[in-house]
Amino acid sequence: MAKTYRYGTLRRLGNVVIGKAVSLGMAPSTYVLMTVPGRKSGIPRTIPIRLLRFDGQEWLVAPYGVRDWVRNVRAAGQVSVRNGRHTRVLSAVEVTGDAVGPVLRAYVAVEPFTRPFFDA
C-alpha cells in the first residue's frame, strides 16, 4: 500500500530552495519551474518539478498522486517550463495503461525517495 504524502514545512522549504536555484539557472536541467493556469481561477501557478527525459520524450510524473497541479495540467493541456532564462511551452497528454510502467520505473530510479508513494 502506498504511503500518504503530506506537504509539510520541510517540503515547503525544499521547494523554495530548489525553485530559487532553478530560476537562477543553477539547478540541473532536469529540474524546471512549471507554470500552469489554475483550472478555476486562471491565475498562473508555478512549482518546481523534475522533468523526466525517457525514451526520447519528456514526462511530468505525479509521484504523490493527483494533486492540484495535476488537475490544472489536465484542464490546460499545456504547461510552461523554465530553467534559468530558458522557457518552453509543452503540450501535456495524460498517459494510462501499459505505457506508464516503464516511465514510473525510470522515475523511481532517478528519484528513489518517491518510491514509497507509488502503489505499483
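Excluded from the calculations below are hydrogen atoms, water molecules and symmetry mates; all remaining heavy atoms, backbone and side chain alike, are included. No experiment lies behind these values; they were computed from the predicted model shown.
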Taking only distance into account, with no hydrogens and no angle test, what donor-acceptor pairs under 3.5 Å do side-chain atoms of residues 46-56 form with protein atoms, sequence neighbours excluded?
residue	atom	partner	partner atom	Å
Thr46	OG1	Thr35	OG1	2.8
Arg50	NH1	Tyr31	OH	3.1
Arg50	NH1	Glu111	OE2	2.9
Arg53	NE	Glu58	OE2	3.4

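The hydrophobic clustering, which links ILVMFWY residues whose side-chain heavy atoms are closer than 4.5 Å, places Leu90 and Trp69 together. If you chain together hydrophobic residues whose side chains sit under 4.5 Å apart, Val22 and Met26 never meet in one group. Transitive grouping of hydrophobic side chains (ILVMFWY, heavy atoms separated by less than 4.5 Å) keeps Val17 and Leu24 in distinct clusters.
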side-chain contact (heavy atoms from CB on, under 4.5 Å) assessment of Val79 paired with Leu60
CA-CA 10 Å; Val79 297; Leu60 295 170; 4.1 Å; yes
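The side chain to side chain contact (heavy atoms under 4.5 Å, CB included) test applied to Ser41 returns Ile43, Arg45, not counting sequence neighbours. Taking Arg74 as the reference, Glu94 meet the salt bridge (Lys or Arg N to Asp or Glu O under 4.0 Å) condition, with sequence neighbours excluded. With sequence neighbours excluded, the residues satisfying side chain to side chain contact (heavy atoms under 4.5 Å, CB included) with Ala92 are Val73.
Among all heavy-atom pairs drawn from Ser80 and Thr87, the shortest one is OG-CG2, 3.3 Å. Nearest heavy atom pair, residue Val36 against residue Ala76, reads CG2-CB, 3.7 Å.
The salt bridge (charged side-chain N to carboxylate O under 4.0 Å, His left out) analysis of residues 15-30, with sequence neighbours excluded, yields no pairs. Under the salt bridge (charged side-chain N to carboxylate O under 4.0 Å, His left out) criterion, the residue pairs touching residues 24-41 are Arg39-Asp68, with sequence neighbours excluded.
Note that the CG atom of Asn83 and the OG atom of Ser23 stand 9.0 Å from one another [nearest 0.5 Å].
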